[in-house]
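Notes follow the structure.
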Amino acid sequence: MNDRTLPSDETLDAWVAGQHRALVHDLATILDLEAGIREATIPARHAGLAADLRKVLDIDGGLSEITFGHLPAELPYDTLLGAARDAGAGRIPIGLTETDLQPAYLDFATEPHFLVFGDAGSGKSGFLRTVAHGIVRMYEPAQALVILVDYRRSLLGCVEPPYLIGYGTSAQVTAGLIEQAAAVMRERLPGPDVTAEQLRNRSWWRGPELFVLVDDYDLVAASAGTNPLAPLLDYLPQSRDVGLHVVVTRRAGGASRVLSDPILGRLRELGSPGIVLSGPREEGPLLGDIKPDRLPPGRGRLVTRRTGTKPVQLAWIPPAG
Amino acid sequence: MTESPFLRPSPVSPVPKVEDFTEFYRRFVPSLVAFLMWQGARLPEAADVAQETMIQAYRHWSTIDHPQAWVRRVASRMLTRRMAATEEPVDQIGERTALLPAPTDVTAWEQRHDVLRALSHLPSRQRQVMAWTLDGYRPSDIAEELRITSEAVRSNLKKARRALAAYLAESRETR
């Protein structure tokens, strides 16, 4: 080391501060901040969709106005129907997928049941209203009947007779309805005299498909001791044979602890598709390997065996009244 | 022009306020990139890490209370991971990010900044400590961020300052 005098602390501080300012200033001129903002607010993979988005959203504004932060705010059901005009039989539109902004469908013909996990306000009941509307739109009353199990009564009015054949708002009422439903399912089971041909085209009975829509499953299964849905358990794997469809929503909080619950466990074993809406990440994987995340209302990840995982925004139908 | 139902504002939506994020982004990105460069990132890498961090920040915007502290922490950890994952010094320019779209003569640009030359010989710990200090963090805060002791922060800071002072003295002599 030579004995050159080092600058004083003040001199050094001033020099460092000056260098830092110059660096930041230079960076501000060389970086394209506007392009960066666009990429951050419109995920990079959507950049190619920008033009389509403009059309879909019907706006002339700058690109940074179009963000997926806006899409979730509300996707009215009517808008979705517009997009889903050519849905095809048995396909029920539920929302838009984020990747291509195309409608997302439930296809009860190929995947009979459906699971939804999400916390309060994440869009569970809204989802069931959308499904109920879809059933009414896609089927004649002779083709589809609905039982609602809804202790909080958030689905009131979303489906009416002749489609609606029972509305379970308590454990007692629900148990009675499900018993009756199970009795009908029992009669539909193929007997020994059913031929292979009949099995193939399911022609040994005629009647409507039965949709059991269960909101807040945590409340339903919580009622001491018996689970009012238990009688359906044996028919879940044979749903195609007997025309049974069960759609269950449950709070995400605490869901990981009850995944082995008979109904949820069976539905998961059967590889049922589902949606994971907003919820605490600590819950761990709820469907496939998908963990919940904090998301805006109606935003979730659709998990199916056929198409994998897709981010979706669910359509929104406000509660009646 | 018909009003699109998509754009109808929702009354109870906790959707991140895009304007706030945009404002934060414009104001803070240059400082964030500088912060990463002080720690040893080359310009393209710093821009890339800053952009990745900002994308994450946007996704979590509604849950972030202190955006500056949040992005500094996330960006430094990302940079540390990347540096640890790279065996040789990163001198290839990776994919261009939106932030750095135009082809730039990075080396020439960096050469214009004395301090980057001065820093280039310092161990990364000393550079980290300098970077956090410049952004106004006290040794105890830095110790927490880097998960080292306050004493280690102070001694690294002292060494870094001594090295910079020597560089400064030398550059003045040769002038």
Side-chain angles (χ1 to χ4, degrees), chain A residues 1-2 4-9 11-13 15-41 43-44 47 56-61 64-67 69-76 78-79 82 121 293-294 296-299 316, chain B residues 1-10 12-18 21-22 25-26 29-34 37-38 43 46-47 50-51 54-63 97-102 104 109 112-116 118 130 134 161-162 164-166 168-170 172-173:
Chain A
M1 215 53 188
N2 58 34
R4 147 195 341 130
T5 45
L6 292 179
S8 67
D9 276 359
T11 312
L12 179 63
D13 286 342
W15 179 76
V16 166
Q19 287 284 322
H20 189 57
R21 261 198 312 278
L23 183 62
V24 173
H25 177 82
D26 251 20
L27 283 168
T29 60
I30 200 173
L31 299 173
D32 188 345
L33 297 178
E34 299 311 311
I37 290 169
R38 280 200 298 276
E39 189 187 86
T41 52
V56 173
L57 299 179
D58 192 19
I59 64 169
D60 299 326
S64 56
E65 300 299 315
I66 311 170
T67 72
H70 278 141
L71 266 184
E74 209 168 294
L75 171 58
D78 294 347
T79 313
D293 228 329
R294 295 284 173 210
R299 182 69 84 96
W316 173 245
Chain B
M1 195 174 96
T2 56
E3 196 196 346
S4 164
F6 281 104
L7 296 179
R8 205 178 297 149
S10 158
V12 289
S13 163
V15 164
K17 285 213 187 71
V18 183
F21 175 80
T22 308
Y25 189 103
R26 281 203 190 100
V29 159
S31 307
L32 181 62
V33 174
M37 292 189 73
W38 271 82
L43 172 61
Q51 181 67 2
M54 280 297 187
I55 289 173
Q56 284 193 30
Y58 179 69
R59 290 202 184 122
H60 297 101
W61 192 240
S62 56
T63 63
T97 75
L99 254 177
L100 203 59
T104 310
W109 188 87
R112 290 181 15 216
H113 291 274
D114 276 353
V115 71
L116 296 177
M130 277 302 290
L134 267 177
R161 286 181 62 93
R162 205 185 296 143
L164 287 181
L168 184 55
E170 192 180 333
R172 289 196 172 163
E173 243 165 47

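- Considering only heavy atoms from C-beta on, Arg26(B) comes within 4.5 Å of Ile37(A) through its side chain.
- Closest heavy-atom contact between Leu33(A) and Tyr25(B): O-CE2, 3.4 Å.
- To the nearest 0.5 Å, atoms CG (Leu23(A)) and CG (Leu43(B)) are separated by 9.0 Å.
- Here the closest non-hydrogen pair linking Pro7(A) and Ala169(B) is CD-CB, 3.9 Å.
- Atom CG of Asp13(A) sits about 4.5 Å away from atom CZ of Arg161(B), to the nearest 0.5 Å.
- When all heavy atoms of Trp15(A) and Ala118(B) are compared, the pair lying nearest together is CH2-CB, 4.3 Å.
- Between the side chain of Gln19(A) and the main chain of His113(B), no donor-acceptor pair closer than 3.5 Å is present.
- Of all heavy-atom pairs between Leu27(A) and Pro30(B), the closest is CD1-O, 3.4 Å.
- Nearest heavy atom pair, residue Val24(A) against residue Ala34(B), reads CG2-CB, 3.7 Å.
- At a 4.5 Å heavy-atom cutoff, the contact between Arg112(B) and chain A is made by side-chain atoms alone.
- Rounded to the nearest 0.5 Å, atoms CG (Leu6(A)) and CD (Glu170(B)) are 11.0 Å apart.
- If you measure heavy-atom distances from Leu164(B) to chain A, the contacts under 4.5 Å come from both the backbone and the side chain.
- Chain A forms the most heavy-atom pairs under 4.5 Å with one residue out of Leu32(B), Leu134(B), Val29(B), and that residue is Leu134(B).
- With a 4.5 Å cut-off on non-hydrogen atoms, Asp293(A) does not touch chain B at all.
- Of the atoms belonging to Leu116(B), it is side-chain heavy atoms, and not backbone ones, that fall under 4.5 Å from chain A.
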